[in-house]
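Report on the structure given below.
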Amino acid sequence: MQAIAESEHRPLRSIGASACDVTASTSALLAELFEFQSVRIFIGTRPLGTDLPRVSHAVSSGQGLVLVESVLWPPGDYEVEFDGRVYCDGVYTGQTVAHLATATRLWRQILPRGHQVRALVIVYSEGGGRMTLPAGGRGDVAWVRPEGAVPAICRLGMEGKRDVNRRALATLIAATSVQG
């Protein structure tokens, strides 16, 4: 969990909880994916040679990779503009998913041909109240509440060929170093 920086400069930030706490909650949530033989979960991954922020989780299964960020936000109506900026109730939050869209594109270039790479933002709700998540969001970034996370990951990253690609795994392992 130390690989996830606690910073006000993080493109997606929780409100009311630390990045480490939300990452731990998501790790527990994703644990049920281990029932599938080909699933590997990486914490704190970013493409080598970039200064992109580390993505909290990367779920690999066969030729699928789902990059997962998770946040705890207050109730509200959330939207994402074409440039990745996140708005709540019409007000810019100072947050963005542009880094996640960029990481998705880079991983598509890095991983062996045939890999499908998608991104998912899991939004935990702080307190009660109505919360509306972006519909689709920017490009390949999907949004979901915690109860829908595992089905969404299965739908986004576990379709198609299930054989583990050793080159892809080696690349992900190297990109998950806790250094820097």
Subject >> Chi angles and distances behind the side-chain contact (heavy atoms from CB on, under 4.5 Å) call for H99, E69 >> reply: CA-CA 11 Å; H99 73 291; E69 285 287 4; 3.6 Å; yes
**OP:** List the steps and the verdict of side-chain contact (heavy atoms from CB on, under 4.5 Å) for V121 and L12.
**Re:** CA-CA 9 Å; V121 179; L12 286 175; 4.0 Å; yes
Original post:
Is there a side-chain contact (heavy atoms from CB on, under 4.5 Å) between R13 and Q95 once you walk through the steps?
Top reply: CA-CA 7 Å; R13 299 173 303 283; Q95 300 190 47; 3.4 Å; yes
Original post:
Do S27 and H57 pass the side-chain contact (heavy atoms from CB on, under 4.5 Å) test, and can you show the C-alpha distance, the side-chain angles, and the key distance before you say yes or no?
Top reply: CA-CA 8 Å; S27 291; H57 293 84; 2.8 Å; yes
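Under the 30°/60° scheme for interplanar angles, the aromatic rings of W143 and W73 are found to be tilted.
No donor-acceptor distance shorter than 3.5 angstrom exists from the side chain of T45 to the backbone of A58, with no hydrogens or angles considered. D89 contributes a side-chain N or O that, together with a main-chain N or O of D77, makes up a donor-acceptor pair within less than 3.5 Å. For the pair S25 (side chain) and D21 (backbone), a donor-acceptor distance under 3.5 Å is present. In this structure, the side chain of S56 engages the main chain of V68 through a donor-acceptor pair within 3.5 Å. Distance alone, capped at 3.5 Å, is enough to place a donor-acceptor pair between the T96 side chain and the G84 backbone. A donor-acceptor pair is defined here as one N or O able to donate and one able to accept, closer than 3.5 Å; no such pair exists between the side chain of R46 and the backbone of P53.
Here the shortest heavy-atom pairing between T176 and L172 reads OG1-O, 2.6 Å.
With a 4.5 Å cut-off on side-chain heavy atoms, C154 and L33 count as touching. Inter-residue side-chain proximity for L67 and W107 is flagged as met; some heavy-atom pair is nearer than 4.5 Å.
A donor-acceptor contact closer than 3.5 angstrom links the side chains of Y124 and T26.
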